[in-house]
Amino acid sequence: MEIVIQPTPEAASRIAAHIIANLVREKPNCVLGLATGGTPLLLYRELARMHREDNLDFSRVTTFNLDEYVGLAPEHPHSYHTFMEHNLFRYINISPAQTHIPNGVAKDMREEGTRYEAEIAAAGGIDLQVLGIGTDGHIGFNEKGSSLASRTRLKTLTAQTREDNARFFNRPEDVPLHVITMGVGTIMDTRQILLLAFGERKARVMAATVEGPITAMNPASILQMHPVAKALIDEPAATQLAHADYYRWVYDHKPDWQRFVKQT
Ligand code: GLP
């Protein structure tokens, strides 16, 4: 995993936006994997700006979101459908038919998981996946103990995640218990990963993810096995990394061409 430490979330999000913009320009019909939560908001704002001011064209882009709350219909104010509409889709020229988010009110969640996987496969797989990280190491909503080979399916949230996400709801008890999420295996199949993590709240889990053992007890740690994964983090999120100085040194000595492009 490549670790890029930036002074601010804004600086890290700008790099992520540049990488995505380069991909969209190189491959206008690319498939993007998108995340929700507080972390990608600055990235989405920058992509919207690039669309508005730099003519970044999303008309042929397809997107797949990581997850959705079970029991929340797309039009529910706290659904991830609504989140994506309010924070990105309404600001760019993406075709609604090309945006995909698991259906949190599907009758049969097993069938919904299979259907979602088939849609990703039919689109040719995900070229680039944006990820945040839970304070407990979840990616998507793959909580601790998730099979590292899992596919899209129903999961039960931990008390910690429900507490962390309560700020998006009117009352803590309104946070759903269940979610439908891409699996760890689904995420690992994507061709490139950008993991964003900001703030001291994420310092402990980032150290475990980057420098700790690979374990289902910290599902994000499997990203060490991904061939093209980049963690873009701010200084507070880097405070518990044992080798932060080395990561900074590596980044500072990169040839310019390598910063914003897919590295294979
Ligand atoms: C949420 C999402 C994750 C996200 C994580 C971190 O519950 N399902 O995809 O990465 O938790 O959230 P935040 O960015 O708000 O810290």
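Indexing begins at 1, ligand by ligand and atom by atom, following the structure's order. Owing to the predicted nature of the structure, the values given are computational and were not obtained by experimental measurement. Hydrogens, waters and symmetry mates play no part in the numbers below; they use all other heavy atoms, side chains included.
Between Ile133 and ligand 1, at least one pair of N/O atoms sits closer than 3.5 Å.
Looking only at protein heavy atoms, the nearest one to atom 5 (C) of ligand 1 is His138 NE2, 3.5 Å. Shortest contact from atom 16 (O) of ligand 1 to any protein heavy atom: Lys202 NZ, 2.7 Å. In this structure, the protein non-hydrogen atom closest to atom 8 (N) of ligand 1 is Asp67 OD2, 2.9 Å. Among protein heavy atoms, atom 4 (C) of ligand 1 sits closest to Thr36 O, 3.9 Å.
The Asn165 neighbourhood of ligand 1 comprises atoms 1 (C), 7 (O), with distances under 4.0 Å to a heavy atom of that residue. Counting atoms of ligand 1 from 1 in the listed order, those under 4.0 Å from a heavy atom of Thr39 are 13 (P), 14 (O), 16 (O). Those atoms of ligand 1 that come under 4.0 Å of a heavy atom in Arg201, given as number and element, are 16 (O). Which parts of ligand 1 touch Gly37 is read off a 4.0 Å heavy-atom cut-off, strictly below it: atoms 14 (O), 15 (O). When each atom of ligand 1 is checked for a heavy atom of Gly132 under 4.0 Å away, the hits are 10 (O).
A donor-acceptor contact closer than 3.5 angstrom links the side chains of Thr161 and Glu143. Between the side chains of Lys202 and Thr135, no donor-acceptor pair is found at a separation under 3.5 Å. No side-chain donor-acceptor contact under 3.5 Å links Thr190 and Asp127.
Aromatic ring centres of Phe64 and Tyr116: separated by under 6.0 Å. Residues Phe83 and His86 keep their aromatic ring centres 6.0 Å or farther apart.
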How far apart are the C-alpha atoms of Arg45 and Glu10, what are their side-chain angles, what is the distance that settles it, and do they pass the salt bridge (Lys or Arg N to Asp or Glu O under 4.0 Å) test? CA-CA 10 Å; Arg45 197 184 299 169; Glu10 285 78 5; over 6 Å; no

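Between Asp174 and Arg162 there is no salt bridge, since none of the side-chain N atoms of the basic residue sits less than 4.0 Å from a carboxylate O of the acidic one. Using a 4.0 Å cut-off between charged side-chain N and carboxylate O, Glu2 and Lys254 make a salt bridge.
At least one heavy atom of Arg167 sits closer than 4.0 Å to an atom of ligand 1.
The closest heavy-atom contact to atom 13 (P) of ligand 1, among the options Gly38, Ala220, Gly140, comes from Gly38.
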